[in-house]
Amino acid sequence: MWQYIFRRFGYMLFTLFVISIISFVVIQLPPGDYVDTLVNQMASESSGVSAEVEEQMRALYGLDQPVYVQYFKWVRNIVTRGEFGYSFVYRTDAREIIMDRLPMSFALALGAFLIVQLTSIPIGIYSAIKQYSIADYGFTFLGFVGRAIPNFLLALVLLYLSFRYFGRAMVGLFSEEFVDAPWSIARVMDLMRHLWIPAIIIGLDRGAGQIRTMRANLLDELNKPYVDTARAKGLSERRLLWKYPVRHAANPIISTIGWALPEFISGEAIVSIVLNLPTGGPIFLAALFAQDMFVAAGFILMFSVLTVIGTFISDVLLVWLDPRVRLQ
Amino acid sequence: MTDPLVEIKDLRIHFFTDEGVVRAVEGIDLNIKPGKTLCVVGESGSGKSVMALSLLQIIHKPGQIVDGQILYHRGRVAGGQFSQNGAVDIASLNRKGRDIRSIRGAEIAMIFQEPMTSLSPMYTVGNQVMETIRLHEKGISKKEARERAIDILRRVRIPKPERLIDEYPFRLSGGMRQRVMIAMALSCTPSLLIADEPTTALDVTTQAQILDLMLELQQEFNMAIMFITHDLGVVAEIADDVAVMYLGNVVEYSDVDTIFNAPEHPYTQALLRSIPKISATRQPLDMIEGMVPSPFRRPGGCPFHPRCTQALASCSTVVPSLTTLHENHIVRCLLHEETGEEVPRG
């Protein structure tokens, strides 16, 4: 078992390495660089820039060097000093921009994750054991609606409704008095009060999907012979349900649980733009448009790190839960 | 005649499906004697498995006991050392209730056809065997339960039970898994063991070992066995009594010698003729003509009449009742109704 976990950990490090290369290269792919953006900007402001100045600016930002040199410096700074480079747009450390916003993205994703797991799995189980009941049809209907509605649309609808009926649009993650306040218990509580709505919006699609998956898996398991065996022993329905079929049916969900975090983090951007949330998504998008490469690459890398860690957690959970994985 | 351990009276089990009602068991009367082996034989779809499941009230939906009784006489053991009076009607118990759960596993235990899928791969052998023990014997410590489990695994001839108890079922062979199933079923010394084709999924050598083991343990534990099978060879080897089923009815019931040597029902006779024989001349296999009818179109009258070579005109309209030919030989066929006396319906 430890060998397995160790090996997975090795894969994880290797994957991270590959991802860091890809994220850096992807940022370089669009034609031009930040200096071009700057030059265009200046040109439109009617102060032309000479080719000489342009080259000097490239040298200043280190953009004149070959890509692999840039990559190597970038990685070295991240690993040794935790520095993500320089934000051309904000004229400050890219780390500050990323670290300011990333925790919010993470909090939102985590909130969505918890809400989804705590609701969709019990609902899926209930739907399966009460198959074709009114409640099952109700959840099935909600499930399809949840999967079919894009989350930005849901965000717009909620925005409209909250403004129409409460006189206040549900935007942001903090009440006005807390927006720029330093962290405190009260601020965290305020965040919690605001967080759940975007968390539900972001989690709805996956939650609805998981209800369907759990229901279908459990329906498959409920008539398996080992359930008969357990019942023939004299176990109560509740005990045997949780110990046997639910445990079996949960496998596919557990093995993809790690994908939920990145899914929420990437799904967050558009919802955050609609609801004006101070998370990483909108900044990341803006950085891509402006070719603010170190901010963009930093976000891609951090999102990827979360994905890979999520997958690693899935793998460990699966080994812990399923002896067939552990012993082969 | 000894008092029966279980009396099944006019049991009817129907499956209410969207396509119609399947009458899987349509009026079975059957006794299970304490300490004896009753073999239930019949083709696929004759209702034998459903009947077995009904003894524990674990029929799958949409199946349902619609009529009849399953009287379980608690404490009737061969020899009758202790006898509590009063019978429990299993058919009337709530299938999720406490009463039936206290019988399942403790007094009536069951082993299933597929040892590969009847144990959960998620838990160790010990976990699954100890579960039954700890469920029915309140106050037993984990350590005692483990010792009991090791002991019972040893009694089903599992080598090195101390080590195997911590093994997962998917690492065992089919025969070993079926031994674990037997150990699990016997762990609370039930008075009746129901075995639903326990050897069908095993190879022939393992099959013989498992059968021998079951008979030995039957002596040791002094329990009744109801053995469901379609293998007449197995029947000849282990049965005391035999019940032959066709489309939800017991058509003939007797001791094993009578069934093999002097069967009276045309279906039983046909079944025995269809056993392949080793002979010098090549003979075509004597099959029973036709197919088992669709469960949705159960023939009227005697359900066997469309395939019966001795059918009378009245067979398609009159439902034959049970006729006792001799003591311990009951047949459900119009050919015998005049000669024998009718069994009073209870």
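Letters go in sequence order (proteins before strands), and every chain restarts at 1.
Here B:His136 is the residue among B:His136, B:Glu114, B:Met110 with the most heavy-atom pairs under 4.5 Å with chain A. The choice from B:Met122, B:Met181, B:Met116 that makes the most heavy-atom pairs within less than 4.5 Å of chain A is B:Met122. Of the residues considered (B:Ser120, B:Gly97, B:Ala185), B:Ser120 shows the highest number of contacts with chain A, using heavy-atom pairs under 4.5 Å. Heavy-atom pairs under 4.5 Å with chain A peak, among B:Gln113, B:Met184, B:Arg98, at B:Met184. Of the listed residues (B:Pro190, B:Pro121, B:Ser102, B:Ala109), the greatest number of heavy-atom pairs within a distance under 4.5 Å of chain A belongs to B:Pro121.
Heavy-atom proximity under 4.5 angstrom to chain A picks out B:Tyr168 from residues 137-168 of chain B. Residues from residues 53-61 of chain B that place a non-hydrogen atom less than 4.5 Å from a non-hydrogen atom of chain A comprise B:Leu56, B:Ile58, B:His60, given in numerical order. Interface residues of residues 225-249 of chain A toward chain B, defined by a heavy-atom distance below 4.5 Å and sorted by number: A:Pro225, A:Tyr226, A:Asp228, A:Thr229, A:Arg231, A:Ala232, A:Lys233, A:Gly234, A:Leu235, A:Ser236, A:Glu237, A:Arg239, A:Lys243, A:Tyr244, A:Arg247, A:His248.
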Atom pairs and distances, donor-acceptor, side-chain atoms in residues 13-20 of chain A, under 3.5 Å, two or more places apart:
from    : atom 1 : to      : atom 2 : distance (Å)
A:Thr15 : OG1    : A:Tyr11 : O      : 2.5
A:Ser20 : OG     : A:Phe17 : O      : 2.6
A:Ser20 : OG     : A:Tyr71 : OH     : 2.7

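Only the side chain of B:Leu135 comes within less than 4.5 Å of a heavy atom in chain A; its backbone stays farther off.
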